[in-house]
Amino acid sequence: MKNYVAEIIEKALGSLLDVNQMPEIIIENPRMPEHGDAACNVAMTLARTLKKPPRAIAEELVSKLEYDESAIKSVEIAGPGFINFRYADDWLYHQLETIRSAGSEFGKGESLKGKKVLVEFVSANPTGPLTVGHGRNAVLGDTISRLLEWSGAKVDREYYFNNAGRQMRILGQSVASRYADLVGGTFPFPEDGYQGEYIKDIAKDVQTKHGDDLLNSDSEAIFRKAAEEAIFDDIQQTLERMNIKMDLFFNEHSLYESGAIEKVVTDLREKGLVFEKDGATWFKTTEFGKEKDTVLIKSSGEPTYRLPDIAYHAEKLNRGYDLCVDVFGADHIATYPDVINAIGALGYEKEKVDVLVYQFVTIVQDGKPFKMSTRKANFITLDELMDETGADVTRFFFLMRAPGTHLEFDIDQAKESGEKNPVFYLQYAHARIKSISRNLGDTLDANAKADFSLLKHSSEVSLIKQLLLFPESIESAAKHKEPHRLINYLNDLAAGFHKFYHDCRIVGEEESLALARMQLLECVAQVMANGLGILGIDAPDRM
RNA sequence: GCGCCCGUAGCUCAACUGGAUAGAGCAUCUGACUACGGAUCAGAAGGUUGGGAGUUCGAAUCUUCCCGGGCGCACCA
């Protein structure tokens with residue numbers, strides 16, 4: 001409908017000015033209902049170039065406007081020069097049919113139709129259980145994947161990990177040391193070792209599987225392997241519990257085996273962007289406006305993490321994805337431009353790499369921030385968090401705020417099962433509609449054709465209009481990669497429903513009206529279920 | 001010191017990326033069904049959008065300078 005409005009405006013403008021003066025036509029949803037259902041501000045933006053007062057332009061424009069009166073009821077000029085459109089009632093009623101027949105598909109868009117997208121997220125190395133910090137990453141990545149799928153894309157969820165290197169070595173040594181405690185041997189606990197309880201559990205497993213005699217031989221690999229497997233297993237279970245299923249796991253190590261790493265260096269060298277200094281290999285990031293150049297390969301011969309990162313992104317694009325989304329915490333904010341610049345220099349379209357940076361999470365308990373330190377034992381794992389609050393609530397809280405702002409996760413609020421918990425507001429609306437539907441039983445023929453023109457009450461009409469905003473709320477959440485936009489929408493929808501509930505009744509009303517209202521509510525429940533589905537949250541029939 | 005985020009009601013956050021009178025939830029106060037689930041609804045109160053200057057028809061949003069907080073700034077990942 002907004003497209004239609006834009007179209008008729010563009011047509012009318014065509015007779016007023018040259019093609020090259022044509023501005024972008026933006027149709028917005030007015031905040032206040034008095035301002036109609038759609039508004040356009042072109043008259044104001046044109047005031048400068050046309051050197052005429054906006055209202056005069058608006059009047060001229062409206063006089064040239066040709067539109068279908070079965071779709072648009074009225075056009076008015078208001079305020080400084082807004083053109084406000086009001087939709088025709090019959091058109092609105094007809095939309096309910098559309099929603100009903102679309103059902104669980106309602107809200108799907110085509111903006112990314114036919115596109116292959118890779119979303120890389122979590123990507124925690126297997127050195128310990130997922131913590132609250134990973135939680136926001138995981139839930140954002142998964143929900144964005146779902147949003148992109150609803151936009152028509154084919155999405156792969158990928159987990160990138162590194163099971164070699166220093167951290168994993170320390171992990172293996174930590175396990176070995178705990179194992180030594182168990183069997184009465186000695187193995188020094190490494191400096192910066194992992195102190196969590198889970199290390200002891202792994203050591204115990206190693207003992208039952210391999211016996212007490214491991215310390216004498218060169219068995220470090222066994223400890224490391226055992227740790228990796230146990231921890232990965234744990235991570236996957238946690239993800240599954242959060243309703244997250246990864247499609248692909250990508251091991252950094254394969255980039256060395258395939259020669260992809262070397263290829264990056266030689267290719268960049270060919271472009272004159274790589275040089276040697278002090279025994280190390282450098283990437284000329286100063287070419288891209290950075291203050292300093294960056295080391296790619298240390299003088300020890302070991303690459304820095306940036307090099308595999310570059311190779312990894314090249315590899316992803318080689319696989320033919322139209323878009324690669326990375327979900328990163330704020331600590332990576334300064335480093336990813338190197339990767340993007342390198343990708344560009346290597347001849348890839350760097351626009352195909354899209355980085356979503358989210359800010360850190362603060363856990364609040366008993367009204368106070370809870371301090372966490374990674375390697376020490378005092379962190380809250382995602383599993384512990386879900387034990388306290390449940391998976392639905394956990395997902396919701398991580399999604400509730402814009403990714404770019406700091407998130408305060410109030411455990412006490414999340415544990416609250418009553419009105420203080422914002423998740424239940426949405427789920428309750430859904431459950432309540434299902435309950436009404438049950439109460440009606442078979443007094444109504446649910447599949448009968450309803451006469452929606454009976455829906456004249458203002459809370460009915462605004463509820464219909466809210467339903468129609470669902471597709472664009474998905475589109476906007478997907479485009480900006482900000483799931484909280486969808487949450488805000490669902491909140492408004494739930495509020496609209498509850499208002500309706502208090503204004504209008506169904507049970508006991510005259511049959512044709514009851515039928516129309518019930519089918520309206522079924523549309524609301526359907527949209528709520530679709531929306532919660534995108535968020536990965538259950539839409540229960542009873543609570 | 002440099003770079004990137006953030007600063008909006010007492011608290012946690014929105015504001016469709018420059019639009020009309022800055023909105024919700026929690027907390028506080030006042031009200032509401034002998035009927036569909038009160039986990040709800042209606043209302044009150046709460047603001048110089050951290051501060052100053054600038055850009056224009058129009059600024060929470062863009063520019064710039066201060067103030068305050070977070071994260072980075074390794075031949076660590």
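Values below: every heavy atom of this structure, side chains too, minus hydrogens, waters and symmetry copies. Chain naming here is simple, since letters A, B, ... match the order of the sequence lines and numbering starts at 1 in each.
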On the nucleotide B:C4, are OP1 or OP2 found under 4.0 Å from the side-chain N or O atoms that A:Tyr358 carries? no
Please work out if A:Asp293 contacts a base, only the sugar-phosphate, or nothing of the nucleic acid, heavy-atom cut-off 4.0 Å. nothing
Does any nucleotide pair with B:G58 by Watson-Crick or G-U wobble geometry, both distances under 3.5 Å, and what is it? none
Please give the nucleotide sitting opposite B:A9 as a Watson-Crick or G-U wobble pair, both distances under 3.5 Å, or none. none
Of all residues at least two apart in sequence or in a different chain, which pass the salt bridge (Lys or Arg N to Asp or Glu O under 4.0 Å) check with A:Asp309? none
For A:Arg169 and B:A77, give me the distance from atom CZ to atom C1', rounded to whole Å. 13 Å
Any strand counts, and the cut-off is 3.5 Å on both contacts for Watson-Crick or G-U wobble. Which nucleotide pairs with B:U40? B:A32
Starting at the 5' end of nucleotides 11-16 of chain B, put B wherever the base has a protein heavy atom under 4.0 Å, S where only the sugar-phosphate does, and a dash everywhere else. -BSSSB
A:Glu416 CD to B:A27 C1': how many Å, rounded? 13 Å
With rounding to whole Å, what would you report as the distance between B:G18 and B:U61 at their P atoms? 11 Å
Using atom C1' in both nucleotides, what's the gap between B:G46 and B:G23 to the nearest angstrom? 13 Å
Would you check if A:Phe82 stacks with the base of B:A20, given a 5.5 Å centroid limit and a 30° plane limit, both strict? yes
Nearest-angstrom distance, C1' atom, B:A74 to B:C2: 16 Å
Length of the NZ-P vector between A:Lys434 and B:A39, whole Å: 20 Å
Taking atom P in both B:A14 and B:G50, what distance in whole Å separates the two? 14 Å
Can you list the residues that meet the side-chain hydrogen bond (donor to acceptor under 3.5 Å, both in side chains) rule with A:Asn137, with sequence neighbours excluded? A:Tyr358
Provide the distance between the two P atoms, one in B:C13 and one in B:U8, to the nearest whole Å. 9 Å
Hey, does the side-chain of A:Asp309 have a donor or acceptor N/O within less than 3.5 Å of a partner on the base of B:A77? no
Please confirm whether the shortest side-chain N or O distance from A:Lys292 to OP1 or OP2 of B:A74 is below 4.0 Å. yes
Need the glycosidic conformation of B:U49: syn if within 90° of 0, anti if not. Which one? anti
CG of A:Asn125 versus P of B:A77: gap in Å, rounded? 11 Å
In whole Å, measure the gap between the C1' atoms of B:A53 and B:A59 for me. 14 Å
Tell me which nucleotide, if any, is Watson-Crick or G-U wobble paired with B:C4 when both distances must be under 3.5 Å. B:G70
Relative to the 5' end of RNA chain B, which residue comes earlier, A:Val507 or A:Ile333, by the nucleotide with the nearest heavy atom? A:Ile333
Is A:Ser435 near enough to B:G37 that one of its side-chain N or O atoms lies under 4.0 angstrom from OP1 or OP2? yes
Report the base-pairing partner of B:G47 (Watson-Crick or G-U wobble, both distances below 3.5 angstrom), or none. none
When the C1' atoms of B:C62 and B:U55 are compared, how many Å lie between them, rounded to an integer? 8 Å
Give one of base, sugar-phosphate or nothing for A:Phe360, where a contact means two heavy atoms less than 4.0 Å apart. sugar-phosphate
Could you work out, with side-chain hydrogen bond (donor to acceptor under 3.5 Å, both in side chains) as the rule, every residue matching A:Lys479, not counting sequence neighbours? none
Report the residues that fulfil ring pair (Phe, Tyr, Trp, His ring centres under 6.0 Å) with A:Tyr501, sequence neighbours left out, ordered by chain and then residue number. none
Between B:A24 and B:U56, how far apart are the P atoms? Round to whole Å, please. 34 Å
Taking any heavy-atom pair under 4.0 Å as a contact, classify A:Gly508: base, sugar-phosphate, or nothing. nothing
Along RNA chain B (nearest heavy atom to each residue), the more 5'-positioned of A:Val295 and A:Gly404: A:Gly404
Report the nucleotide, chosen from B:A77, B:C75, B:G37, that has the shortest atom-to-atom distance to any side-chain atom of A:Trp282. B:C75
Ion pair present between A:Lys2 and A:Glu28, side-chain N to carboxylate O less than 4.0 angstrom? no
Ignoring hydrogens and geometry beyond distance, is a side-chain donor-acceptor pair present between A:His332 and A:Asp326 at under 3.5 Å? no
salt_bridge(A:Arg269, A:Glu276) N-O dist < 4.0 Å: yes
Polar contact flag, side-chain donor to acceptor under 3.5 angstrom, A:Glu472-A:Asn29: yes
A:Phe328 CZ to B:C5 P, in whole Å, measures 16 Å
Length of the line joining A:Asn491:CG and B:C26:C1', which is rounded to integer Å: 13 Å
So, under a plain 3.5 Å distance rule, would you say the side chain of A:Tyr305 forms a donor-acceptor pair with the base of B:A77? yes
Base, sugar-phosphate, or nothing: which does A:Asp278 touch, judged by heavy atoms less than 4.0 Å apart? base
Residues from residues 33-52 of chain A lying under 4.0 Å of RNA chain B - heavy atoms: A:His35, A:Ala39, A:Asn41, A:Met44, A:Thr45, A:Arg48
Contacts of type side-chain hydrogen bond (donor to acceptor under 3.5 Å, both in side chains), residue A:Lys481, not counting sequence neighbours: A:Asp354
Could you work out, with side-chain hydrogen bond (donor to acceptor under 3.5 Å, both in side chains) as the rule, every residue matching A:Glu120, not counting sequence neighbours? A:Ser123, A:Lys316
Take the protein atom CD1 of A:Ile506 and the nucleotide atom P of B:G37, then report the distance between them rounded to whole Å. 10 Å
Have A:Glu475 and A:Ser473 got a donor and an acceptor in their side chains that come within less than 3.5 Å? no
Can you identify which nucleotide, out of B:C75, B:C41, B:G37, has its nearest atom closest to the A:Tyr425 side chain? B:C41
Taking only residues at least two apart or on different chains, which pairs with a member in residues 392-403 of chain A satisfy side chain to side chain donor-acceptor pair (under 3.5 Å)? A:Asp142-A:Arg395, A:Thr143-A:Arg395, A:Thr389-A:Thr394, A:Asp392-A:Gln427
Could you walk me through whether A:Asp192 and A:Arg166 pass salt bridge (Lys or Arg N to Asp or Glu O under 4.0 Å), step by step? CA-CA 11 Å; A:Asp192 297 336; A:Arg166 183 170 167 268; 3.7 Å; yes
When both distances are under 3.5 Å in a Watson-Crick or G-U wobble arrangement, the nucleotide paired with B:U21 is none
Give the rounded distance in Å between these two atoms: NE2 of A:His502 and P of B:A35. 13 Å
